[in-house]
Amino acid sequence: MLACALSIAASLRRTPSVRSALQTTEGGTWRLPKLLYLVPICFTLSLGGTFRNAWAGPYLTGVFGHGTNVGTVLTAVSVFGIATSFALPFALLRWRGRTIVTAIYMVGLLSALLFAFTPGFSILSASAGLALLYAMGNVHPVAMTEAQALLPIRMRGIGLGALNTLVFLGVSASSSVFGALADLHLSAAATYGLIFGATATALAIALSVYVACRPKAVEAQGAATAVD
């Protein structure tokens, strides 16, 4: 953390001009409802991480047998998540943030749907799907950047903090839902099919709201903030 703080302090050498800051954040057009389209996204960002941290081990052993090398699978999932986090800045040089968020959520949704219907298809597909769902959390800073473009300077701390809190609330809520489904005492395949089905439903809702309700001005505001 100290090394990160020092590197940031050494890198940020120029502050935005007062004029540009006023133009991009104090124009008087900001309204709270403009941020609501990000609420489902923030709430579902860590669904894959929640499953990987608490449920992936029981899923792998319950569906594929106790001889499954859970450690190897989870290590591969973690490495993939780390690698994609380092790749994200390079992706942002080529594609818009909205495109990246939409694409990653579509991939996560398709993975969850596949697991919902065939949770025990193969250990290879399970590893790949878990990795994709886990890596979805990497778009968190992209979502926060969109929110920043809509928040006046005086509200950024509170606004971004509130949205970030929703990520942790999503972890809590998803853990409770997963636990309630596990308490139905169905077969392992049926239990995890329901859990992945619930995950797919949540991701579908979040993606639909993000695509349908996203303010048209976000791209222009975000671009202006990035230039300044």
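Just so it is clear, the structure is predicted and the values come from calculations on it, not from any experiment.
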Worksheet, complete the sentence: CG (Leu160) and OG1 (Thr145) are apart, to the nearest 0.5 Å, by 9.0 Å
Fill in: Ser172 side chain vs Phe168 backbone, donor-acceptor pair below 3.5 Å
no
Practice prompt. Side-chain contact test, heavy atoms from C-beta onward, threshold under 4.5 Å: evaluate it for Leu133 versus Leu47 and give yes or no.
Written response: no
Response to the item:
Looking only at heavy atoms, the pair that brings Gly49 and Tyr134 closest together is CA-CD1, 3.7 Å
Worksheet item: Does Met144 belong to the same Ile/Leu/Val/Met/Phe/Trp/Tyr cluster as Val171, with side-chain heavy atoms less than 4.5 Å apart forming each link?
Response: no
Fill in: Atom of Ala135, atom of Gly81 and distance for their closest heavy-atom approach
CB-CA, 4.4 Å
Worksheet item: Which atom names give the shortest non-hydrogen contact between Leu92 and Gly97, and what distance separates them?
Response: CD2-CA, 4.0 Å
Fill in: Linked, directly or transitively: Val77 and Val79 (ILVMFWY side chains, under 4.5 Å)
no
Discussion item. What's the separation between atom CD in Gln148 and atom CG in Leu163, rounded to the nearest 0.5 Å?
Written reply: 11.5 Å
Worksheet item: Between Ser187 (side chain) and Ala190 (backbone), is there a donor-acceptor pair under 3.5 Å?
Response: yes
Worksheet item: Phe86, Val142: one ILVMFWY side-chain cluster at the under-4.5 Å cut-off?
Response: no
Discussion item. More than 12 heavy atoms of other residues, nucleotides or ligands under 6.0 Å from CD1 of Ile158: yes or no?
Written reply: no
Discussion item. Can you confirm whether Ile41 sits close enough to Leu207 that some side-chain heavy atom of one is under 4.5 Å from a side-chain heavy atom of the other?
Written reply: no
Worksheet item: Taking all non-hydrogen atoms of both residues, which atom of Ala126 and which atom of Tyr59 are closest, and how far apart?
Response: CB-OH, 3.6 Å
Worksheet item: Rounded to the nearest 0.5 Å, how far apart are CH2 of Trp95 and CZ of Phe90?
Response: 12.5 Å
Worksheet item: Do the non-hydrogen side-chain atoms of Phe121 and Phe115 ever get within less than 4.5 Å of each other?
Response: no
Worksheet, complete the sentence: The reported gap from NE2 in His140 to SG in Cys42 (rounded to nearest 0.5 angstrom) is 6.0 Å
Item to complete: Kindly indicate whether the side chain of Pro89, heavy atoms from C-beta on, has any atom under 4.5 Å from the side chain of Leu93.
Response: no
Discussion item. When you compare the side chains of Tyr105 and Thr44, does any donor N or O come within less than 3.5 Å of an acceptor on the partner?
Written reply: yes
Practice prompt. Identify which one of Thr75, Thr68, Asn69 satisfies the side-chain hydrogen bond (donor to acceptor under 3.5 Å, both in side chains) criterion when paired with Thr72.
Written response: Asn69
Item to complete: Could you tell me whether the side chain of Leu110 reaches within less than 4.5 Å of the side chain of Leu132, counting heavy atoms only?
Response: no
Worksheet item: Passes side-chain contact (heavy atoms from CB on, under 4.5 Å), Ile100 versus Arg96? Steps please.
Response: CA-CA 6 Å; Ile100 292 175; Arg96 296 183 302 172; over 6 Å; no
Worksheet item: Hey, any chance Leu203 and Val39 share a hydrophobic cluster, counting ILVMFWY side chains that come within less than 4.5 Å of each other, even indirectly?
Response: yes
Worksheet item: With side chains defined as the heavy atoms from C-beta onward, is the minimum distance between Phe51 and Leu130 less than 4.5 Å?
Response: yes
Worksheet item: Rounded to the nearest 0.5 Å, what separation is found between the CZ atom of Phe80 and the OG atom of Ser85?
Response: 10.5 Å
Practice prompt. Find out whether Tyr210 and Leu38 are in side-chain contact, i.e. whether some heavy atom of one side chain is under 4.5 Å from a heavy atom of the other.
Written response: yes
Item to complete: List in chain and number order the residues that pass side-chain hydrogen bond (donor to acceptor under 3.5 Å, both in side chains) with Thr84, two or more places apart in sequence or in another chain; answer none if no residue qualifies.
Response: Asn138
Fill in: Which atom of Pro119 lies closest to which atom of Ala189, heavy atoms considered
CG-O, 3.4 Å
Discussion item. What I want to check is whether the side chains of Ser125 and Ser122 have a donor and an acceptor closer together than 3.5 Å.
Written reply: yes
Practice prompt. Working to the nearest 0.5 Å, report the span between OG of Ser46 and CG of Leu166.
Written response: 11.0 Å
Practice prompt. Would you check if Leu74 and Arg52 make a side-chain contact, meaning some heavy-atom pair closer than 4.5 Å?
Written response: yes
Practice prompt. Kindly give the heavy-atom pair with the smallest separation between Ser127 and Val73, and that separation in Å.
Written response: OG-CG1, 3.4 Å
Worksheet entry | Single-linkage hydrophobic cluster, 4.5 Å side-chain cutoff, Val107 and Leu45 together | no
Discussion item. Are Phe196 and Phe117, when compared by the centres of their aromatic rings, separated by less than 6.0 Å?
Written reply: no
Practice prompt. May I ask you to check whether over 12 heavy atoms, not counting those of Leu6, lie within 6.0 Å of atom CG?
Written response: yes
